[in-house]
Amino acid sequence: MTKYIITLLVCFSFITQAQRSFEKGKNVVALGADLGIYSYTSKIASQPTSKKEAAANKIFSLHYEYGVLNWLGVGAKVQYSDYFTETDSVTNTKPSVTSVDGSVLVNAHFVRSKYVDMLAGFNIGYSHLNWDARDAYVSQAKGGGLIYDIHFQPRFYFGKYVGMYLNLAYVHCAYRDMDFQNTFTKLDDALDLVGGGANIGIGIQAKF
């Protein structure tokens, strides 16, 4: 009887191991789309005061993760952000504000069933922002800085390899001493733009 119990336990252990949605040695590649809602503080060096500004963007991302332990993954992420802007009623032009980011990621997987993988983690890296007013008389700015996020992601698999995920994250950006130019006066200046907010998104992933 004891032999049967031991055999059943061993078989159950192998089945449990085989049904894990994430484990050591696995690779995950994912594509995602997010909506970001932020609050920034902007400060131009030549001016005495700063001001608060709200912003929103749409984000498209690609990330790769490798399982270094059964519960721990590391990898990299690149993303492109396009901020929502309004057409100026006077000049009839619409500014373009975009950023390209690259970061490393670390994820802790605390639920790893057959079809469900829940994780929490963080990204940290570099972001390059470009603001083009697209008008001969207004301003433009470009530069880079630190970006990081803290995120929670439930992943769901439809089979062994392919699935979808949801993303909820807090994001922080700090662009320091950006090249700022008023194209009307041709004066160079420096701009600090610091802030953050929430990202909410969805994506698909493949595991191999």
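Position 1 is the first residue of the sequence; numbering continues from there. Please read all numbers here as calculations on a predicted model, not as lab measurements.
Taking CG from Asp117 and NZ from Lys207, the interatomic distance works out to 8.0 Å, rounded to the nearest 0.5 Å. Note that CD1 of Ile147 is 10.5 Å distant from CD1 of Ile124, once rounded to the nearest 0.5 Å. Taking SG of Cys173 as the reference point, atom OH of Tyr38 lies at 6.5 Å (rounded to 0.5 Å). Ser21 OG to Met118 CE: the interatomic distance, rounded to the nearest 0.5 Å, is 10.0 Å. Here the CD1 atom belonging to Ile150 is positioned 11.5 Å from the CG atom belonging to Leu168, to the nearest 0.5 angstrom. Distance CZ/Arg20 to NZ/Lys114: 15.0 Å, rounded to 0.5 Å.
Around OH of Tyr161, the count of heavy atoms belonging to other residues, nucleotides or ligands within 6.0 Å does not exceed 12. By the neighbour-count criterion of 12 heavy atoms within 6.0 Å, atom NZ of Lys24 is sparsely surrounded, having that number or fewer from other residues, nucleotides or ligands. The 12-atom threshold is exceeded at NZ of Lys43, counting heavy atoms of other residues, nucleotides or ligands nearer than 6.0 Å.
Residues Phe122 and Phe110 do not share a hydrophobic cluster, clusters being chains of Ile/Leu/Val/Met/Phe/Trp/Tyr side chains in contact below 4.5 Å. Linking ILVMFWY side-chain heavy atoms closer than 4.5 Å, directly or via other members, places Leu129 and Val171 in a single hydrophobic cluster. Taking hydrophobic clusters as Ile, Leu, Val, Met, Phe, Trp and Tyr residues chained together by side-chain heavy-atom distances below 4.5 Å, Leu119 does not share a cluster with Val74. Residue Phe208 is grouped with residue Leu31 when hydrophobic side chains (ILVMFWY) are merged at heavy-atom distances under 4.5 angstrom, including chains of intermediate members. In terms of hydrophobic clustering, with Ile, Leu, Val, Met, Phe, Trp and Tyr side chains grouped at heavy-atom distances under 4.5 Å, Val106 and Val104 are assigned to a common cluster.
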So Gln140 and Trp131, side chain to side chain contact (heavy atoms under 4.5 Å, CB included) or not? Walk me through it. CA-CA 5 Å; Gln140 60 185 8; Trp131 170 38; 5.7 Å; no

From CA spacing to verdict: side chain to side chain contact (heavy atoms under 4.5 Å, CB included), Leu146, Tyr126: CA-CA 5 Å; Leu146 174 73; Tyr126 178 82; over 6 Å; no

Determine, stepwise, if the pair Val116 / Phe156 fulfils side chain to side chain contact (heavy atoms under 4.5 Å, CB included). CA-CA 5 Å; Val116 178; Phe156 307 97; 4.1 Å; yes

I'd like to know whether Ser46 forms a side chain to side chain donor-acceptor pair (under 3.5 Å) with Asp189, so could you lay out the CA-CA distance, the side-chain angles of the two residues, the decisive distance to 0.1 Å, and finally the verdict. CA-CA 7 Å; Ser46 62; Asp189 210 333; 2.3 Å; yes

Check the pair Lys142 / Asp179 against salt bridge (Lys or Arg N to Asp or Glu O under 4.0 Å), numbers first and verdict last. CA-CA 5 Å; Lys142 60 182 178 180; Asp179 293 331; 5.9 Å; no

Verify side chain to side chain contact (heavy atoms under 4.5 Å, CB included) between Phe158 and Tyr115, making sure each step is shown before the conclusion. CA-CA 7 Å; Phe158 309 127; Tyr115 297 114; over 6 Å; no

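Looking only at atom types and distance, the side chain of Tyr148 has no donor-acceptor partner in the side chain of Asn123 under 3.5 Å away.
Ring centers of Tyr165 and His151: at least 6.0 Å apart, outside the cut-off.
Side-chain contact between Phe60 and Gln79 is absent, with no heavy-atom pair separated by less than 4.5 Å. Counting only heavy atoms from C-beta outward, the side chains of Lys77 and Ser61 approach each other to under 4.5 Å. By the 4.5 Å heavy-atom criterion applied to side chains, Arg155 and His109 are counted as neighbours. Side-chain contact between Thr41 and Asp192 is absent, with no heavy-atom pair separated by less than 4.5 Å. By the 4.5 Å heavy-atom criterion applied to side chains, Leu62 and Val29 are counted as neighbours. Contact annotation: the side chain of Ser99 approaches that of Tyr175 to within less than 4.5 Å [non-hydrogen atoms, C-beta and beyond]. Within the 4.5 Å cutoff, no side-chain heavy atoms of Asp82 are placed close to those of Asn57. Put simply, the side chain of Val28 does not reach to within 4.5 Å of the side chain of Tyr64, judged on heavy atoms.
Annotation: cation-pi pair Lys52/Tyr40 absent, no NZ/CZ under 6.0 Å from the ring centroid and within 45° of its normal. Annotation: cation-pi geometry not satisfied between Lys26 and Tyr66 (NZ/CZ under 6.0 angstrom from ring centroid, within 45° of ring axis).
The one candidate from Glu65, Gln153, His63 that meets the side chain to side chain donor-acceptor pair (under 3.5 Å) condition with Asn107 is Glu65. When each of Thr98, Asp34, Ile59, Asn199 is checked for a side chain to side chain contact (heavy atoms under 4.5 Å, CB included) with Ser81, only Ile59 meets the rule. Results of the side chain to side chain contact (heavy atoms under 4.5 Å, CB included) test with Leu191 over Gln47, Arg176, Met178, Gln181 single out Met178 as the only residue that passes.
At distances below 3.5 Å, at least one donor-acceptor pair connects side-chain atoms of Arg112 with backbone N or O atoms of Asn70. Side-chain atoms of Thr85 come within 3.5 Å of backbone N or O of Pro95 as a donor-acceptor pair.
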